[in-house]
Amino acid sequence: MIIAVDGPVAAGKGTLARSLAAELNLAYLDTGSIYRAVGAKILDKGEDPGDPVAALAAAESLGPADLERRDLRREKVGLAASTVAVNTQVRAALLEFQRNFAQNPPDLPGGAAAGAVLDGRDIGTVVCPEAELKFFVTATPEARAERRHKELIERGDESIYARVLQDLQDRDARDSQRVTAPLKPADDAVYLDTSTLEAGKVLETALDIVRAKGL
Ligand code: C5P
């Protein structure tokens, strides 16, 4: 079984995808971390994330340790990620790894996985169009910026709400307007608006939908 969870930045898709994986004995892949790892590698070298040669070289040299970096959630890494993610060749270079994870999920600590949950922007449309279930998780820009701002403050990072909102809207625009694999719901995606819902309620709603589908 494959479940696709797509949506814009800070909509709560990572929280939902991780919880669904735990509840349903599925392997979980946060595909944003792959793009973030490419962005981080480029920033390390002082290169420009918009430079196609640097971006492709970083994508092609990605290893498991790059995905474990502790600085992947930083705002500047997220912005670099959304810049490299516009590059068609970078996306192609990262596609096979994601598809292979979905088709052959790694074992879980307790044994074999029953399938996989992937979250990102193009899972339901491009990476796994065959997924049995596709969620598109949204929330208002203000609710998402509020969440991200709180998260940054709690982590001890500096944060200004207005700046977080602006960065998030810039990233949404870049992700939605790119030519290759833009952020958009699959035709058969189920919408979940998390603006006023607690994470537990979002999970409950999603699990009801999983059960209703007999999965
Ligand atoms: O989800 P997250 O915010 O970690 O993703 C970082 C960036 O990576 C996104 O803004 C998006 O540009 C890119 N991304 C993508 N396709 C995916 C996952 C992430 O283009 N499947």
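Both ligands and their constituent atoms are indexed starting at 1 by order of listing. One-based numbering along the sequence shown.
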Q) Under 3.5 Å, is there a donor-acceptor pair between the side chain of Asp6 and the main chain of Ile123? A) yes
Q | Leu95, CG atom: more than 12 neighbouring heavy atoms under 6.0 Å | A | yes
Q: Heavy-atom contacts with Arg91 under 4.0 Å: which atoms of ligand 1 show up? List them by number with element.
A: 15 (C), 16 (N), 20 (O)
Q) How about Gln103 and Gln98: does a side-chain donor come under 3.5 Å of a side-chain acceptor? A) no
Q) N/O of Arg36 under 3.5 Å from N/O of ligand 1, yes or no? A) yes
Q) Side chains of Ser82 and Arg174: is there a donor and an acceptor less than 3.5 Å apart? A) yes
Q | Protein heavy atom at shortest distance from atom 6 (C) of ligand 1 | A | Arg171 NH1, 3.6 Å
(Q) Return the CZ to OG1 distance between Arg144 and Thr140, rounded to the nearest 0.5 Å. (A) 7.5 Å
**Q.** Arg147 and Thr194: CA distance, side-chain angles, deciding distance, side-chain hydrogen bond (donor to acceptor under 3.5 Å, both in side chains) verdict
**A.** CA-CA 11 Å; Arg147 255 179 233 160; Thr194 67; 3.3 Å; yes
Q: Heavy-atom distances under 4.0 Å are what count here, so tell me which part of Lys13 touches ligand 1: side chain, backbone, both or neither.
A: side chain
Q | Minimum-distance protein heavy atom relative to atom 18 (C) of ligand 1 | A | Thr31 OG1, 3.4 Å
Q) Thr31 side chain to Asp119 main-chain N or O, any donor-acceptor pair under 3.5 Å? A) yes
Q | Ser33-ligand 1 polar pair, N/O distance under 3.5 Å | A | no
**Q.** ligand 1 versus Arg178: contacting region, heavy-atom distance under 4.0 Å
**A.** side chain
Q | Region of Arg121 engaging ligand 1 - heavy atom pairs below 4.0 Å | A | both
**Q.** Side chains of Asp193 and Ser195, donor plus acceptor under 3.5 Å
**A.** yes
Q) If you measure only the distance, is there a donor-acceptor pair under 3.5 Å linking the side chains of Tyr35 and Arg121? A) no
Q. Do ligand 1 and Tyr35 have nitrogen or oxygen atoms that lie under 3.5 Å from each other?
A. no
Q: Mark up the atoms of ligand 1 that fall under 4.0 Å of a heavy atom belonging to Ala85, in ascending order.
A: 12 (O), 13 (C), 20 (O)
**Q.** Closest candidate by heavy atom, reference atom 12 (O) of ligand 1, pool Leu183, Asp175, Leu29, Val86
**A.** Asp175
Q) Can you tell me which residue and heavy atom of the protein come closest to atom 5 (O) of ligand 1, and the distance to 0.1 Å? A) Gly32 CA, 3.6 Å
(Q) Which of the numbered atoms in ligand 1 are under 4.0 angstrom from any heavy atom belonging to Arg73? (A) 4 (O)
